[in-house]
Asker: 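My questions all concern the structure below.
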Amino acid sequence: MFSSRTRSTRRGNTSQVERHSILKYPHRLNFYDRPPIDDITIEEFETCALDRLRVLAEIESSFVRNRPWDELKSIALEQCKTYLPLNASSATAQPIDAERKKDHIGHFVLRLAFCRSEELRRRFVKAEMALFRVRYDSDDAIEREEFLNSRDFDWVPVPDDEVKMYNAELIAAASSYRDPRDRTPLDTQKYYKVKWTRVPDLVEKRRVFLKAGMAYVPMREQSSIVFQEFQTNLEKALEMTAKALPRLDEDTRIVPILDNLSQGFLAGVSSEWTASSSSGNGDELTADMIDDLSKKHFPMCMRNLHECLKRDHHLKHFGRLQYGLFLKVLGLSIEEAIAFWRKSFSNIPDDKFNKEYRYNIRHSYGLEGKRANYAAKSCQQILCNDQPGSQDSHGCPYRHFSADNLQTALLSLYSSQGLTAGDLPEIMSAVKQNHFHVACTRVYEITHANYGVKKGEGVGGGESITHPNQYAAKSRELEKAKVDAIKTEMKGDVDVIMS
Ligand code: SF4
């Protein structure tokens, strides 16, 4: 396994060998040495990257939230299951090659998007490293061994007599991490020699014995060499890609996609949540219900727009657009939307409203002009596009409010839902790191604690907020589940009384 050029697999495991020879991608793990050479459509190009970005963004959010490694790992695996499944070669019923191809393409598209600044490169390498580690840790042990055998890691097995010769030094190095109760004699362990520069983390923690520029790495620390190699390769590749990138600038189809991907990653948000159910709980929405709903279920961007609308009886163009599309996806019919805006713009006479606003409302519902079905704006779009001026109310408060105003607004809007001054430092810390959606997710958790939402759970399974309608829909689902549970409980009580 550890001889650098061995390519053998388990003795007698011929079916595995045969299967590997059939697969175009024989290993689940990938160092991404070569770019994909197949023809792909522009949609495939974008989808593969977006799905990978969803996983990487959740990994980044986990870093910002200081999640322990095991929690990060389970969230990343859950995200991978949904967006980037990567089954073991033994899962013969799965489209293994197609999954690995998607993984391969997605990685290379994101390299193009994230090679363009030092900040993007650093964050991309960190998230990709974590993803590789999650997969490495969760890989089938035999398949991982085959993958390691397929590469030249340039590690030299230390002969037994050399291990015996340096036994005292190896014991001294091992004492920094070895459990004192572990009585396994060190001279029975396997060691590998690599240049010390290849395992800086182990050297820094004094976990290896150094001799003549070589680090003696015990077998249990072998993964450090692999991870370091992955990181070094990726850093070099990103720099080379950055140099080659100007040639791509002429491709007008690809550059906007790359811009969008990198912009989203910088804003801390990867993806667009898509509204599969418009209202969140199946009820018909009416204009009169909006005020109450906003207090219980709206994220801060929409809550702020609603409060500004109540205060000023008016919203400027981008505010109307952001809020109107949100309400449409929430489930407000066109008739109710016109009623809502008519009532809200109470200082404007009927003829002015009909002339200047009714058309735009109908337009956003696809009933005028080019009759397009406009989607509600995602967090990424709200964070990155149409930056608000001082007189505007649209945008994301976590990004666009000053720190003082944000804290005051948080307390005034959400204290009735359980948010206290003691919660502010954690929220503001995410804001300071430009992870606005992490701050929003934390506020969701705090304000939905009475529904049983715990810290770190996000909108379910640790997932972060990526869309205002996702926030509202999940919040309404929680309320509906609680009401249904109470109804069931009451029905049970009535049945008992009647029987
Ligand atoms: S993070 Fe998204 S949902 Fe939350 S306030 Fe900002 S834009 Fe709205």
Side-chain angles (χ1 to χ4, degrees), residues 1-11 13 16-17 20 25-34 69 88-89 107 125-126 128-179 182 184-238 240:
M1 164 178 176
F2 300 107
S3 89
S4 53
R5 298 188 192 275
T6 311
R7 288 186 189 265
S8 64
T9 176
R10 274 187 303 170
R11 197 179 299 164
N13 189 5
Q16 193 86 347
V17 175
H20 283 196
Y25 292 91
H27 306 290
R28 179 173 173 268
L29 295 171
N30 195 338
F31 259 53
Y32 310 103
D33 300 314
R34 278 182 290 279
W69 172 251
S89 303
H107 172 89
V125 169
K126 192 170 171 197
E128 277 284 337
M129 274 282 293
L131 177 60
F132 182 82
R133 223 183 119 188
V134 164
R135 287 171 166 173
Y136 186 93
D137 283 356
S138 58
D139 205 10
D140 172 272
I142 293 164
E143 291 188 23
R144 183 170 59 203
E145 183 183 327
E146 287 168 355
F147 168 73
L148 295 178
N149 287 340
S150 74
R151 296 189 60 83
D152 184 357
F153 283 98
D154 201 17
W155 46 36
V156 182
V158 182
D160 289 347
D161 52 351
E162 202 174 331
V163 173
K164 283 202 177 88
M165 185 165 53
Y166 296 121
N167 197 34
E169 290 84 349
L170 294 172
I171 288 175
S175 63
S176 64
Y177 61 87
R178 199 165 128 103
D179 184 339
D182 185 355
T184 322
L186 283 178
D187 56 9
T188 62
Q189 281 196 24
K190 283 203 165 300
Y191 281 84
Y192 306 93
K193 274 195 280 193
V194 292
K195 270 202 183 138
W196 73 270
T197 48
R198 292 185 50 206
V199 282
D201 54 330
L202 297 181
V203 174
E204 188 191 338
K205 291 178 198 148
R206 299 170 183 268
R207 291 172 78 132
V208 281
F209 164 55
L210 298 176
K211 176 85 186 160
M214 303 299 274
Y216 286 60
V217 182
M219 185 175 165
R220 56 182 287 161
E221 302 284 0
Q222 175 205 27
S223 53
S224 280
I225 306 176
V226 179
F227 300 153
Q228 189 61 43
E229 186 92 349
F230 182 87
Q231 179 173 347
T232 311
N233 285 5
L234 184 53
E235 282 167 352
K236 275 191 205 147
L238 282 170
M240 280 167 60

Asker: If you look at every heavy atom in Asp152 and Asp154, which pair is closest and at what distance?
Answerer: OD1-N, 3.0 Å

Asker: Run the ring pair (Phe, Tyr, Trp, His ring centres under 6.0 Å) test against Tyr32 and tell me which residues pass, sequence neighbours left out.
Answerer: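 Once residues adjacent in sequence are excluded, the partners of Tyr32 under the ring pair (Phe, Tyr, Trp, His ring centres under 6.0 Å) criterion are His107.
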
Asker: What residues form a salt bridge (charged side-chain N to carboxylate O under 4.0 Å, His left out) with Asp161, not counting sequence neighbours?
Answerer: none

Asker: Any chance you could measure Met214, atom CE, to Lys211, atom NZ, to the nearest 0.5 Å?
Answerer: 13.0 Å

Asker: Which residues satisfy the side-chain hydrogen bond (donor to acceptor under 3.5 Å, both in side chains) test with Tyr166, sequence neighbours excluded?
Answerer: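 Checked Tyr166 against side-chain hydrogen bond (donor to acceptor under 3.5 Å, both in side chains); zero matches.
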
Asker: Among residues at least two apart in sequence or on other chains, which ones pass side chain to side chain contact (heavy atoms under 4.5 Å, CB included) with Met165?
Answerer: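 Result, side chain to side chain contact (heavy atoms under 4.5 Å, CB included) vs Met165: Glu162.
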
Asker: For Ala215 and Val199, work out which heavy atoms get closest and say how close.
Answerer: CB-CG2, 3.7 Å

Asker: Asp201: what forms a side-chain hydrogen bond (donor to acceptor under 3.5 Å, both in side chains) with it, not counting sequence neighbours?
Answerer: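 If we apply the side-chain hydrogen bond (donor to acceptor under 3.5 Å, both in side chains) test to Asp201, skipping adjacent residues, the hits are Ser224.
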
Asker: What pair of heavy atoms forms the shortest contact from Trp155 to Val194, and how long is it?
Answerer: CB-CG1, 3.6 Å

Asker: Between atom CD1 of Ile225 and atom CD of Gln228, what is the distance when rounded to the nearest 0.5 Å?
Answerer: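 Ile225 CD1 to Gln228 CD: 10.0 Å, rounded to 0.5 Å.
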
Asker: Between atom CZ of Arg144 and atom NE2 of His27, what is the distance when rounded to the nearest 0.5 Å?
Answerer: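 Nearest 0.5 Å value for the CZ-NE2 distance: 14.0 Å.
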
Asker: State which residues pass ring pair (Phe, Tyr, Trp, His ring centres under 6.0 Å) with Phe132; sequence neighbours excluded, sorted by chain then number.
Answerer: Phe31, Phe230

Asker: Test of understanding: with side chain to side chain contact (heavy atoms under 4.5 Å, CB included), list the residues that count as partners of Ser138, not counting sequence neighbours.
Answerer: Arg28, Leu77

Asker: So do Arg151 and Asp33 actually touch side chain to side chain, heavy atoms under 4.5 Å?
Answerer: yes

Asker: Considering non-hydrogen atoms only, spot the tightest contact between Ser89 and Pro26 and give its length.
Answerer: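 Distance-wise, the nearest heavy atoms are OG-O, 3.5 Å.
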
Asker: Checking Glu235 now: which residues fulfil salt bridge (charged side-chain N to carboxylate O under 4.0 Å, His left out) with it, not counting sequence neighbours?
Answerer: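 For Glu235, no residue satisfies salt bridge (charged side-chain N to carboxylate O under 4.0 Å, His left out) once neighbours in sequence are set aside.
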
Asker: The criterion is side-chain hydrogen bond (donor to acceptor under 3.5 Å, both in side chains); which residues satisfy it with Asn30, sequence neighbours excluded?
Answerer: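 Asn30 satisfies side-chain hydrogen bond (donor to acceptor under 3.5 Å, both in side chains) with no other residue.
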
Asker: Pick from Tyr216, Tyr192, Tyr191: which one makes a ring-ring contact (aromatic ring centres under 6.0 Å, His included) with Phe209?
Answerer: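 Between Phe209 and the candidates, ring-ring contact (aromatic ring centres under 6.0 Å, His included) is satisfied uniquely by Tyr216.
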
Asker: Sequence neighbours left out, what pairs pass salt bridge (Lys or Arg N to Asp or Glu O under 4.0 Å) with at least one residue falling in residues 128-138?
Answerer: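 Only Arg52-Glu128, Asp103-Arg135 qualify under salt bridge (Lys or Arg N to Asp or Glu O under 4.0 Å).
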
Asker: For Leu170 versus Val163, what's the shortest heavy-atom pair and its separation?
Answerer: CD1-O, 3.7 Å

Asker: Is a side-chain donor or acceptor of Glu221 paired with a backbone partner of Arg207 at a separation under 3.5 angstrom?
Answerer: no

Asker: How would you list, by chain and number, every residue that makes a salt bridge (charged side-chain N to carboxylate O under 4.0 Å, His left out) with Arg198, sequence neighbours excluded?
Answerer: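 Salt bridge (charged side-chain N to carboxylate O under 4.0 Å, His left out) check on Arg198 returns Glu229.
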
